[in-house]
There are 2 protein chains.
Amino acid sequence: MDIIISNASGVPIYEQIEEQIKSMIMNGDLSAGDALPSMRLLAKELRISVITTKRAYEDLERDGFIESVVGKGSFVKGINSEIMKESMLFAIEECLEKAVDKAILGKVSLSEMQEMLSIIYEEKKNE
Amino acid sequence: MDIIISNASGVPIYEQIEEQIKSMIMNGDLSAGDALPSMRLLAKELRISVITTKRAYEDLERDGFIESVVGKGSFVKGINSEIMKESMLFAIEECLEKAVDKAILGKVSLSEMQEMLSIIYEEKKNE
DNA sequence: AAAGTGTATATAATGCATATACACAATAAT
DNA sequence: ATTATTGTGTATATGCATTATATACACTTT
């Protein structure tokens, strides 16, 4: 399981795990029925507490993406891919809104923002 | 002093105050030497604690934007407007980076993002 | 003296992350 | 088959940092 944790970003660890697992499901790297790494194993790999992985899996279960059964493990559920895309777009929208709020306060123009966005996107694309 | 506090955004109150005062300074609505509303008065207007306004003013003072003297009040300092613009752009950049991170995980294209950004900007511009 | 400033101390509520112990299931050893 | 072991998910109590607060203090002006 290729999950990368960044402590610098300010994003909670459990949220980073959630995002990346959701992305794997959406992109077909994980399919319905597939077993996720156990909470303990993932915690060991990432050198974090079991409770943090549990928190991530718990949220994913609450949102209907996975299912956990005691003694056996955690598994990907069958999911409406459209709904996932929607929720992903919504999260992006929230970030953009914050950026726009600041831009308007600072009298930064839309074209300036478009330029910044483009540069950042091209940078991040090749990582 | 036209400061608007939003509890829904998740942004700390003191941070919202800081951003908006910085913006007023940068846009010339406040000039060097101008008196800010007293911590108590602002707290009363916004219906928050004095300690929260103090926290905001404290940060602004630490960053060199204002000056507080006990018994008298808080006042705008002379500031390098270029540096302010820089820090404002940096904050916007951080937000855009988070959005791009999500977009790449979700295989959302740059042009999709540009479209979203444009819509959000035009919406917010008229508020 | 009174009313206006900024300041300091102690406190509460929330969110993130943890260690440790518990309960259940599958497997290996006897 | 029975039991011990190992591997699952789960629950409780705790530490720490951040946000926001009430209350009392110290200084300046009027």
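These values consider heavy atoms only, across backbone and side chains, with no hydrogens, waters or symmetry-generated copies. Fair warning: this is a prediction, and the values are worked out from it, not measured in the lab.
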Looking at [options], which one has an atom nearest to any side-chain atom of [X]?
| X | options | result |
| --- | --- | --- |
| A/Arg55 | C/dC16, D/dG9, D/dA11 | C/dC16 |
| B/Tyr14 | D/dT19, C/dT7, C/dC16 | D/dT19 |
| B/Ile13 | D/dT10, D/dA20, C/dT18 | D/dA20 |
| B/Thr52 | D/dA20, D/dT10, C/dA19 | D/dA20 |

Can you tell me how far apart [atom1] ([X]) and [atom2] ([Y]) are? Round to the nearest 0.5 Å.
| X | Y | atom1 | atom2 | result |
| --- | --- | --- | --- | --- |
| A/Met113 | A/Ser118 | CE | OG | 13.0 Å |
| A/Glu19 | A/Met26 | CD | CE | 11.0 Å |
| B/Ile13 | B/Arg55 | CD1 | CZ | 12.0 Å |
| A/Phe75 | A/Lys77 | CZ | NZ | 13.5 Å |

On DNA chain C, nearest-nucleotide positions of B/Ser68 versus A/Arg40: which is more 5'?
-> B/Ser68
Upstream residue (5' side of DNA chain C) when A/Val70 and A/Ser49 are each assigned their closest nucleotide = A/Ser49
Output the rounded distance in Å from [atom1] ([X]) to [atom2] ([N]).
| X | N | atom1 | atom2 | value |
| --- | --- | --- | --- | --- |
| A/Ile17 | C/dC16 | CD1 | P | 13 Å |
| A/Ile51 | C/dC16 | CD1 | P | 15 Å |
| B/Leu42 | D/dA20 | CG | P | 14 Å |
| B/Leu36 | C/dG4 | CG | P | 19 Å |
| A/Gln16 | C/dA17 | CD | C1' | 13 Å |
| A/Lys72 | D/dT8 | NZ | P | 13 Å |
| A/Tyr57 | D/dT10 | OH | P | 12 Å |
| B/Leu41 | C/dT5 | CG | P | 7 Å |

Phosphate OP1/OP2 of D/dT8: any A/Ser74 side-chain N/O under 4.0 Å | no
Tell me, do B/Leu36 and B/Asp34 make a side-chain contact under 4.5 Å, heavy atoms counted?
-> no
